[in-house]
Amino acid sequence: EKITISVIKADIGGWPGHSRVHPQLVETAEEVLAKAREEGTIIDFYVATCGDDLQLIMTHKKGVDSSEIHGLAWRTFEEATKVAKELGLYGAGQDLLKDAFSGNVRGMGPGVAEMEITLRKSEPIVTFHMDKTEPGAFNLPIFRMFADPFNTAGLVIDPNMHMGFRFEVWDIKEHTRVILSTPEELYDLLALIGAKSRYVIKRVFPKEGHKISKDEPVAVVSTEKLYEIAGEYVGKDDPVAIVRAQSGLPALGEVLEPFAFPHLVSGWMRGSHNGPVMPVPMHQANPTRFDGPPRVVALGWQISPEGKLVGPVDLFDDPAFDGARQKAVEIAEYMRRHGPFEPHRLPMEDMEYTTLPGVLEKLKDRFEPVE
Ligand code: 13P
Ligand code: 13P
Ligand code: MG
Ligand code: MG
Ligand code: MG
């Protein structure tokens, strides 16, 4: 029997500014979801936060893209938005871009990562939650987990994963996708996903012959592009991901290892700057320096045979990641010294808002030809 894990998140108001989620929003979400659990709509849930993003982690038997589950998430965000408005939180309801729910939250503002899976005898999973960045921020770490033998020893020494994996990559500008196999197509994959603002890993699948069916995802990332949805700046679409671990998949430590390197991602201040992503426990996921630097939280779970969420374990709450945090602080300092200059500030086409057209308009009569 299959269980679905759904992580649906939204920024429905920051406290203060874009820094964190107010605890009353968490309480409100817990009340709504507890009722849904009592009524049997969902099996289990946990409400987490990362920066100013409210994260609903749910298990149920309704499959992915279920209007019942998406409707529940939407209602939860609406209820919490009422509280955000009462408290006067910043950007209350920011990510609820449509007035009425129409069957699916995709394209309506919230970010979604979901997978329907056949539970293994033991099912360890990690949910990742990022703030102040975009879905392409997962390209490098997901690649490392499932395709880089210098990260994942199992690719070399575990007969159950030596065959490699398949990556589903979305072109988020053209709205198309392609599936690439590693290790055979490693360089083609990298040619795409290195351009992380355009080609985004959506899912990873096993290959034929793996213990897990080749049609069941082993990793999934949210990919909503809010600025395309709304046609204007509404905040970078702070992403989430779900990754399964162990027995023929990367071990828990191989799933976390990529984050020992605080790689550069787009987002940070005003969604318009490059900076390092800092791995932190949930209580440190409150970006304040220049509204950042970007954060990633990793929550560890075992799924019980009935589909209960046994956890969370706050996985970056480990001094072994202190070095990565310190490095992120150093890189943040270095990047900040560039002020409004690229590559700290994003190139023009990737900024979430810009004064450039206005400046050009004002100066248009003063530009003269150069011989
Ligand atoms: P243990 O010996 O602690 O079970 O660890 C096994 C393992 O494979 C760790 O990656
Ligand atoms: P969020 O995307 O987390 O709301 O942040 C937006 C922003 O402008 C930060 O400076
Ligand atoms: Mg915000
Ligand atoms: Mg946010
Ligand atoms: Mg954002």
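Excluded from the calculations below are hydrogen atoms, water molecules and symmetry mates; all remaining heavy atoms, backbone and side chain alike, are included. Just so you know, ligand 1 is whichever comes first in the structure, and atom 1 is the first atom listed for that ligand.
Classification of the His344-Phe290 ring pair by plane angle, with boundaries at 30° and 60°, yields tilted.
Enumerated by chain and number, the residues approaching ligand 1 to less than 4.0 Å through a heavy atom form an empty list.
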Donor-acceptor pairs under 3.5 angstrom involving side-chain atoms of residues 81-89: please list them, not counting sequence neighbours.
residue, atom, partner, partner atom, Å
Thr81, OG1, Phe77, O, 2.7
Lys82, NZ, Glu79, OE2, 2.9

Mind listing the side-chain donor-acceptor pairs of residues 39-51 below 3.5 Å, one per line with the distance, residues two or more places apart or on another chain?
residue, atom, partner, partner atom, Å
Glu39, OE2, Lys35, NZ, 3.4
Asp44, OD1, Arg37, NH1, 2.8
Asp44, OD2, Leu309, N, 2.8

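Angle OD2(Asp238) to the Mg ion (ligand 4) to OD1(Asp131): 90° [nearest 10 degrees]. To the nearest 10 degrees, the Mg ion (ligand 4) sees OD1 of Asp52 and OD2 of Asp53 at an angle of 90°.
Note on His18: its N/O/S atom closest to the Mg ion (ligand 3) is ND1.
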Next item on the list: For side-chain hydrogen bond (donor to acceptor under 3.5 Å, both in side chains), just list the numbers for Glu114 and His70, CA-CA rounded to whole Å, side-chain angles, deciding distance to a tenth of an Å, and then say yes or no.
Entry: CA-CA 11 Å; Glu114 298 183 287; His70 284 221; 3.1 Å; yes
Margin query: The test is ring pair (Phe, Tyr, Trp, His ring centres under 6.0 Å); show your working for Phe316 and Phe259 and say whether it passes.
Written below: CA-CA 9 Å; Phe316 290 140; Phe259 296 96; 5.6 Å; yes
Item checked: Derivation of the side-chain contact (heavy atoms from CB on, under 4.5 Å) call for Met58 and Ile69 -> CA-CA 9 Å; Met58 299 172 284; Ile69 299 302; 4.0 Å; yes
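Cation-pi check for Lys202 over Trp170 is met; the charged atom lies under 6.0 angstrom from the ring centroid and within 45 degrees of its normal.
For the Mg ion (ligand 3), the N/O/S atoms of Asp11 include one lying under 2.8 Å.
For His338, the ring-ring contact (aromatic ring centres under 6.0 Å, His included) partners are Tyr334, not counting sequence neighbours.
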